[in-house]
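Please read the structure below before turning to the comments.
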Amino acid sequence: MVCLIFKKRTHTCGELRASDIGKEVTLMGWVHRRRDLGGLIFIDLRDREGITQVVFNPEKYKEIHEKAGELKNEYVIAVGGQVSPRPDGIVNPKLSTGEIEVLVKDLDILNTCPTPPITVSSEVRPDEITRLKYRYLDLRTGRMQSNIKLRANITKATRDYLAENGFLEIETPILINSTPEGARDYLVPSRLYPGKFYALPQSPQIFKQLLMVSGFDRYYQIARCFRDEDQRADRQPEFTQIDIEMSFVERDDVLDMAEGLMTRIFKDVLNIDIPRPFPRLSHEQAISRYGIDKPDIRYDMKMEDLGEIFKDSAFKAFSETITSGGIIKGIKVEGYGGASRKKLDDLNEKAKEMGAKALFWIVFTEDNIKSSIKKFLRPEDIENLKKKFSVSPNDLVLILADKKEIVHRIFGEFRIFLTEELGLIKYGDFKFLWVIDFPLFTYNKEEDRIDAEHHAFTSPLPEDIEFLDTDPLKVRASSYDLVLNGVELGSGSIRIHRRDIQEKVFKIMGLTMEEADVKFGFLLRALEYGSPPHGGIAPGLDRLVMLMAGEKTIRDVIAFPKTQTAFCPLTGAPVTVSEKQLGELKIKLDV
RNA sequence: GGGGUGGUAGUGCAGUCUGGCCUAACACAUCUGUCUGUCACACAGAAGAACGCGGGUUCGAAUCCCGUCCACCCCGCCA
């Protein structure tokens, strides 16, 4: 085997066209597939840019043809030869290079490869642990190559847009201080300060606010964030945010900028036009219509309040719910009237498992209804329901009568479950949504305390400031969530920059300024030194790429992700370290 | 911390509910042979797994039971 490259690569494997016929070229890449016809040998040669068929002809280059007999999948080779037309005009329309092939006269085997545990040319994916252990092979597959390229294109569009709009890319520290708020920190022991630790940032939140105080006006960073919490399909121990902060802005300025960024990304990367402005729902509207604070609005299936219709129903489950302060709501499942009785019973079971007393169903047929509560329904009820839901024949209406929270939670989940069941979700439909007007505070039952819903520096809506003194739980925040297809892409807020309001907020949370200083320290001091009004947002890059790639997990858009137990099968991290290393850190293990 | 699904040749899977017909099937990959227009090449043949690991029940366990490890999905958690 010759390991030296005998000459320069002239083209990539995705480049050659009919117009190149006759050229002498050198291609380098991996053996994607081989088709050995006994005489002729065809190799699909693959690199990042594509696949080119190269052909070994024993009549023309006997020795080279013999050497080609050694080639196996994933060997790395260099071939030199002449770009030739496919004979008889047999083009391969599946390949961009399908009009031509390279007749090989020089072959160099640059490297060999054992039978790989992952078949790069196959659509079939091995078990995830195998994929992660041999991630370098997994990343060779077309699907992963395209995901990683998509990600690079998205970050490029992000940088282009933000740079054009006056944002500076500024790095912030990775070794920072641990704060008690939020998620569990990843800690890094300090050698120079035995017994003390750095934390890895959960987000650059504090630093981006400091940069506003410093007068940088508009900042962004493609920022790595670390959270030591349990993993999910859309959560990794380290993930990436497009972190943005702006000075001298109000909420709508941030929303406008973020919309501009998102539409630019979709236009540049997928050539999709996303209409603006994005629809907005208040938190309250989102919950009461969809039962969830991040609704997927690619499909309708809104909850309708049926309290008016059923308030004096003879059906006790309805009338008693109203008297006891509960609510009656329903959703229409279009075209699901043909569902079997068993299916409907299953839905009822599911609802009960989730804490409902019962789920009632009504199927609208051409001129009648089928229903679990038919005998309780008055003719006018049916008419009212038809009107309320504008039903067509074969529609199903599901009704829950229960406590508000239960009804909302169950329908919130049912919407998601039913659309999957009905196959309503297709790739290519992207529906953004803003959820705004979150409550500024939530009541913490366990601790009998009022907590910040977003974080302690989130500004109240200007028109709600008066309620800080009278009814804090009524105060809405200048915060916003960006939702795409039912996935929370990111959240942000306008920050408090006035000391009197900050003090009030701390007071409501049961903190004196002194206590707050211990807890939040230098940020508070910085804010006092002439902080401009500022606010920002931080869309999650991994989730955005995942949705745009049509993948179900962010692991498929991260080059080297970890398992659900935060383990890296490729490198073995985390690992035990030597006594010497521990000694330097003055750390004794107790495991 | 809790619930669920899965673990069988290099890879993907069948078999497990209902134990014996399993001397574990099939496909891809691998190896050998034939083949000069294939492009998921085709055809003929071969090799490759004691069924995640440990224990138990049984005349007999891939299959039943207990424990355990790993992966994935979900709840909690993730301001």
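Convention: sequence-line order gives letters A, B, ...; per-chain numbering from 1.
- Set against B/C39, B/A40, B/U36, the side chain of A/Lys94 has B/A40 as its closest nucleotide.
- A donor-acceptor contact under 3.5 Å is not formed by the side chain of A/Arg131 with the base of B/U11.
- With C1' as the reference atom, B/A29 and B/G10 are 7 Å apart, rounded to whole Å.
- Classified by interplanar angle (parallel below 30°, tilted 30° to 60°, perpendicular above 60°), the ring pair A/Phe226/A/Tyr186 is perpendicular.
- The backbone N or O of A/Asp481 sits nowhere less than 3.5 Å from a side-chain atom of A/Ser491 that would complete a donor-acceptor pair.
- At a cut-off of 3.5 Å, with distance as the only test, a side-chain donor of A/Asn147 or A/Glu551 sits close to an acceptor on the other residue.
- The side chain of A/Arg227 approaches B/C78 more closely than any other nucleotide in the set B/C78, B/C75, B/G37.
- Comparing atom distances between the A/Thr563 side chain and each of B/C70, B/U36, B/C72 picks out B/C72 as nearest.
- The side chain of A/Lys72 approaches B/C31 more closely than any other nucleotide in the set B/A79, B/C70, B/C31.
- Side-chain proximity of A/Ala183 to B/C77, B/U38, B/A79: nearest is B/A79.
- Within 4.0 Å of A/Ser491, counting heavy atoms only, lies no atom of the nucleic acid at all.
- Straight-line distance between the C1' atoms of B/A42 and B/U5: roughly 40 Å, to the nearest whole Å.
- Here A/Thr115 lies in heavy-atom contact (under 4.0 Å) with sugar-phosphate atoms only.
- Rounded to a whole angstrom, the distance from the P atom of B/C28 to that of B/C77 is 49 Å.
- Between the base of B/C41 and the side chain of A/Arg34 there is no donor-acceptor pair shorter than 3.5 Å.
- Taking the C1' atoms as reference points, B/C70 lies 15 Å from B/G54, given to the whole Å.
- The nucleotide whose nearest atom lies closest to any side-chain atom of A/Arg35 is, among B/U36, B/C77, B/U38, B/U38.
- The base of B/C78 sits within donor-acceptor range of the side chain of A/Arg235, with an N or O pair under 3.5 Å.
- Comparing A/Asp44 and A/Gln202 against RNA chain B, the residue whose closest nucleotide sits nearer the 5' end is A/Asp44.
- Between B/G56 and B/U11, the distance separating the two C1' atoms is 33 Å to the nearest Å.
- Across the protein-nucleic acid pair, A/Gln231 atom CD and B/G76 atom C1' stand 14 Å apart, rounded to whole Å.
- Among the atoms of the strands shown, only primed sugar atoms or phosphate atoms (P, OP1, OP2) are found under 4.0 Å from some heavy atom of A/Glu453.
- As rounded to the nearest Å, B/G33 and B/C21 have P atoms that lie 37 Å from one another.
- Residue A/Val124 has its side chain nearest to B/G12 when only B/U38, B/G12, B/G76 are considered.
- Each of B/C77, B/C41, B/C72 was ranked by its minimum atom distance to the side chain of A/Asp230; first place goes to B/C77.
- For A/Arg555, a side-chain nitrogen or oxygen approaches OP1 or OP2 of B/C73 to under 4.0 Å.
- For A/Arg86, counting side-chain heavy atoms from C-beta on, the closest listed nucleotide (B/G10, B/C73, B/C39) is B/C39.
- In this structure, A/Glu229 contributes its side chain and A/Arg184 its backbone to a donor-acceptor pair below 3.5 Å.
- Under the 30°/60° scheme for interplanar angles, the aromatic rings of A/Phe411 and A/Phe414 are found to stand perpendicular.
- The partner of B/A24 is absent, by the rule that a Watson-Crick or G-U pair needs both atom distances under 3.5 Å.
- Contact annotation: A/Gln564 side-chain N/O to B/C73 OP1/OP2 distance is under 4.0 Å.
- One P atom belongs to B/A62, the other to B/U23, and the distance between them is 9 Å to the nearest Å.
- Using a 4.0 Å heavy-atom criterion, one finds that A/Asp36 contacts the bases of the nucleic acid, with or without backbone contacts as well.
- In this structure, A/Trp434 and A/Tyr480 have perpendicular ring planes: the angle between them is above 60°, well past the 30° mark.
- With rounding to whole Å, A/Ile292 atom CD1 is found 14 Å from B/C74 atom C1'.
- Annotation: B/C72 and B/U8 have their P atoms spaced 15 Å apart (nearest Å).
- When distances are taken from the side chain of A/Gln53 to each of B/A40, B/A29, B/U38, the shortest belongs to B/U38.
- Among the protein residues, A/Arg232 comes within range of the nucleic acid bases, having at least one heavy atom under 4.0 Å from a base atom.
- Looking only at atom types and distance, the side chain of A/Asp243 has a donor-acceptor partner in the side chain of A/Tyr219 under 3.5 Å away.
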